[in-house]
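Numbers restart at 1 for each chain; the letters A, B, ... are given by sequence-line order, proteins then strands.
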Amino acid sequence: VNCEESRHLLMDYLGNELEHSSAAELRRHLNICSSCRQEFAALSKVQATMAAGWPDEEIPQNLVFRQEQVTLPRVGWWKRVAFTSREITVLGMAATVMICLSLWILSQARMEFAKDSVQISFGTVKEPAHDRPSSFASDEAAKKELQNQIEQAVFKLHQEQTAQLQQSLLKLRADVEANRKMDMSQIARGLKYLEETQSVVWKEAVQNSSNLDTLARDLYVRTSSVRQ
Amino acid sequence: LGLVRVSDKELVQRVAGGDCDAFNLLVGRWEKKLFNLAYRLVGNREDAFDICQDTFIRAYEQMHQLKDPGKFAQWLFQIARNLCISHHRSSKPASQHLVIGAESEEMDLEALLSDGSPISLDGGERFQPSELRLIVERALSYLPMEQKETVVLKIYEGLKFSEIAEITETPVSTVKSRLYLGLSQLKKILTNTWRSAP
């Protein structure tokens with residue numbers, strides 16, 4: 001290798017990526033080229049100095065992301081609607097059936113062209129009805145019947161809701177009463193404990209004062225005997 | 001705790017499904033590396049921290065664009081590197097580089113090698129670690145961005161030339177040339193610092 005090629009090999013060496021065969025070539029060149037040898041030594045030292053001179057340091061503050069801080073990955077519309085091959089087959093079949101059905105419906109249609117409009121109709125033509133008065137009467141009856149049904153349903157619903165509300169109120173009252181009793185019993189226990197504690201404190205105070213009296217008496221007796 | 005042993009690839013797939021905990025685990029794994037990469041490239045802790053944070057936010061938002069989840073770290077480095085370059089362009093005029101000899105990557109290698117008196121790097125050991133740190137930081141700041149990023153990715157991050165080539169979107173041969181030029185520049189800067197030191 002020449003000096004130019006040896007520089008690339010030198011970079012491979014410094015980067016720990018030099019192949020075994022290339023290492024031999026580099027070594028041969030360095031044996032005969034003193035300037036490359038000097039360069040090799042200097043650059044190795046530069047690399048070592050740089051690496052040792054600036055070690056990794058800790059990040060000033062650990063990063064933690066909350067869901068609301070970062071938006072969800074933006075997925076393209078095509079990826080969102082992308083189907084598998086099986087889904088495509090099913091959708092294709094469904095589309096074919098829909099097209100056939102539409103064509104059949106259109107084939108059953110009857111189109112009538114008037115002067116300014118087109119009328120499309122399906123099925124057989126109905127003859128005009130002649131019993132309109134009886135039809136009106138039956139409509140009125142049906143309407144009244146429906147109104148009655150609605151009123152009954154509303155009344156029933158109102159009753160059900162009232163009953164439910166009453167039940168809820170009763171339950172709530174029972175709960176409140178139970179809680180009140182529990183609180184009262186706790187307060188009573190607390191008072192009893194306080195009384196007991198207080199009586200103990202009093203007893204101790206009396207005991208302490210009698211002890212003090214005894215000590216004072218002893219002291220007085222001793223002092224008198226010393227004076228005598 | 002079960003997620004701790006999960007590979008980056010699997011965590012990336014979970015993040016793509018909207019799992020924020022998996023993302024935080026990835027953040028914990030790579031935040032220190034990214035912070036140090038950004039710090040060495042921009043030379044400032046506060047900006048490096050901001051870039052580190054922005055990198056993760058961008059990564060989360062663009063996770064669906066990652067074609068190979070196995071190359072998550074490389075992709076993350078690429079985002080951070082691009083943000084550092086944007087930061088560098090917006091904050092520093094090009095004239096601020098103190099380049100000894102030539103400046104562009106097309107500079108003549110022979111001229112660089114034959115420049116000046118014989119170079120000796122002996123004497124670096126007399127500096128305290130904190131002093132050496134300042135010298136190294138200063139020397140790195142003098143390099144043009146394309147050499148600096150190559151030096152940082154190779155020396156400090158230990159990436160392969162092929163990985164650096166993918167991150168910087170340049171041929172492997174160019175990466176090697178940039179590393180060579182970068183190290184040569186650093187050699188001159190360090191030698192001058194050694195000489196001028198009391």
Side-chain angles (χ1 to χ4, degrees), chain A residues 1-19 22 26 33-80 82, chain B residues 15-16 18 20 23-24 27-28 31-36 39-40 45-46 49 52-53 56-57 60-65 109-110 113-114 118-122 124 127 129 132-137 139-140 151 154-156 158-162 173 175-177 179-180 183-184 186-187 190-191:
Chain A
V1 292
N2 57 26
C3 293
E4 179 75 33
E5 289 164 342
S6 80
R7 281 169 202 152
H8 272 261
L9 294 179
L10 174 58
M11 290 303 103
D12 286 338
Y13 174 82
L14 291 178
N16 287 325
E17 293 184 47
L18 188 64
E19 290 172 10
S22 306
L26 181 63
C33 180
S34 63
S35 72
C36 279
R37 201 163 53 240
Q38 279 183 354
E39 191 66 11
F40 178 93
L43 294 187
S44 297
K45 190 147 192 174
V46 167
Q47 190 188 31
T49 307
M50 293 300 290
W54 193 347
D56 275 0
E57 63 179 71
E58 291 299 324
I59 189 165
Q61 184 192 332
N62 289 114
L63 295 168
V64 177
F65 294 92
R66 290 190 305 276
Q67 187 77 57
E68 59 270 19
Q69 273 181 299
V70 279
T71 52
L72 282 170
R74 286 195 289 269
V75 180
W77 68 271
W78 177 244
K79 275 198 172 179
R80 279 202 296 267
Chain B
V15 175
C20 201
F23 181 65
N24 277 321
V27 171
E31 62 181 359
K32 188 178 170 185
K33 276 270 176 197
L34 272 195
F35 169 72
N36 280 288
Y39 186 15
R40 286 171 182 130
R45 275 194 191 84
E46 288 75 30
F49 184 73
C52 187
Q53 202 165 10
F56 282 115
I57 291 172
Y60 190 82
E61 288 173 351
Q62 298 177 355
M63 198 65 87
H64 62 280
Q65 291 178 9
L109 289 178
E110 293 299 330
L113 279 172
S114 59
I119 289 159
S120 165
L121 276 170
D122 292 338
F127 295 105
L132 190 62
R133 160 68 191 271
L134 285 175
I135 291 167
V136 165
E137 192 173 335
L140 201 60
V151 167
K154 189 69 198 173
I155 294 182
Y156 296 102
L159 299 185
K160 290 180 180 171
F161 285 117
S162 56
S173 57
V175 173
K176 287 183 185 175
S177 296
L179 181 65
Y180 180 78
L183 289 175
S184 301
L186 288 169
K187 182 183 70 176
L190 291 177
T191 308

* Asked: Please walk me through it: do A:Glu58 and B:Phe35 pass side-chain contact (heavy atoms from CB on, under 4.5 Å)?
  -> CA-CA 8 Å; A:Glu58 291 299 324; B:Phe35 169 72; over 6 Å; no

* Asked: What pair of heavy atoms forms the shortest contact from B:Ile155 to A:Ala51, and how long is it?
  -> CG2-CB, 3.8 Å

* Asked: At a heavy-atom separation under 4.5 Å, does B:Lys154 approach chain A through its side chain, its backbone, both, or neither?
  -> side chain

* **Exercise: do B:Glu31 and A:Asn62 side chains pair donor with acceptor under 3.5 Å** => yes

* Structure fact -> The interface call for B:Arg45 against chain A, heavy-atom contacts under 4.5 Å, is side chain

* Does the pair A:His8 and B:Ser177 meet the rule for a side-chain contact (heavy atoms from CB on, under 4.5 Å), with working shown? -> CA-CA 8 Å; A:His8 272 261; B:Ser177 296; 4.1 Å; yes

* Asked: Does a sphere of radius 6.0 Å around NZ in B:Lys33 hold more than 12 heavy atoms from other residues, nucleotides or ligands, not counting ones at 6.0 Å or beyond?
  -> yes

* To do: Could you pull out all residues at least two apart from A:Glu5 that satisfy salt bridge (Lys or Arg N to Asp or Glu O under 4.0 Å)?
  => none

* To do: Could you check whether the rings of B:Tyr39 and A:Trp54 sit parallel, tilted or perpendicular, using 30° and 60° as the cut-offs?
  => perpendicular

* Using a strict cut-off of less than 4.0 Å between a Lys/Arg side-chain nitrogen and an Asp/Glu carboxylate oxygen, indicate whether B:Lys176 and A:Glu17 qualify as a salt bridge. => no

* Asked: Taking side chain as C-beta onward, heavy atoms only, is A:Glu57 less than 4.5 Å from B:Arg133?
  -> yes

* Structure fact -> Between A:Leu63 and B:Cys52, the two heavy atoms sitting closest are CD1-SG, 3.9 Å

* Partners of A:Tyr13 by ring pair (Phe, Tyr, Trp, His ring centres under 6.0 Å), sequence neighbours excluded? -> A:Phe40

* To do: Select one option (side chain, backbone, both, neither) describing which atoms of B:Leu159 are under 4.5 Å from chain A's heavy atoms.
  => backbone

* Asked: Where on A:Asp12 is there a heavy atom nearer than 4.5 Å to chain B: the side chain, the backbone, both, or neither?
  -> both

* Shortest non-hydrogen contact from B:Leu183 toward A:Leu14 -> CD1-CD1, 3.7 Å

* Structure fact -> Rounded to the nearest 0.5 angstrom, the CZ-OG distance for A:Arg7 and B:Ser184 is 8.0 Å

* To do: For B:Val136 and A:Thr49, work out which heavy atoms get closest and say how close.
  => CG2-O, 3.9 Å

* Asked: Considering all heavy atoms of both residues, which atom of B:Arg40 and which atom of A:Pro55 are nearest to each other, and what is their separation?
  -> NH2-C, 3.4 Å

* **Any A:Met50 side-chain heavy atom under 4.5 Å of B:Leu190 side chain** => yes

* Closest approach of A:Ala42 and B:Lys187, non-hydrogen atoms and distance? -> CB-CD, 3.6 Å

* Pair B:Tyr60 and A:Phe65, ring centroids less than 6.0 Å apart -> no

* To do: With a 4.5 angstrom heavy-atom cut-off, could you sort out which part of B:Tyr156 is near chain A: side chain, backbone, both or neither?
  => side chain

* To do: Output the distance between atom OH (B:Tyr180) and atom CD (A:Glu39), rounded to the nearest 0.5 Å.
  => 4.0 Å

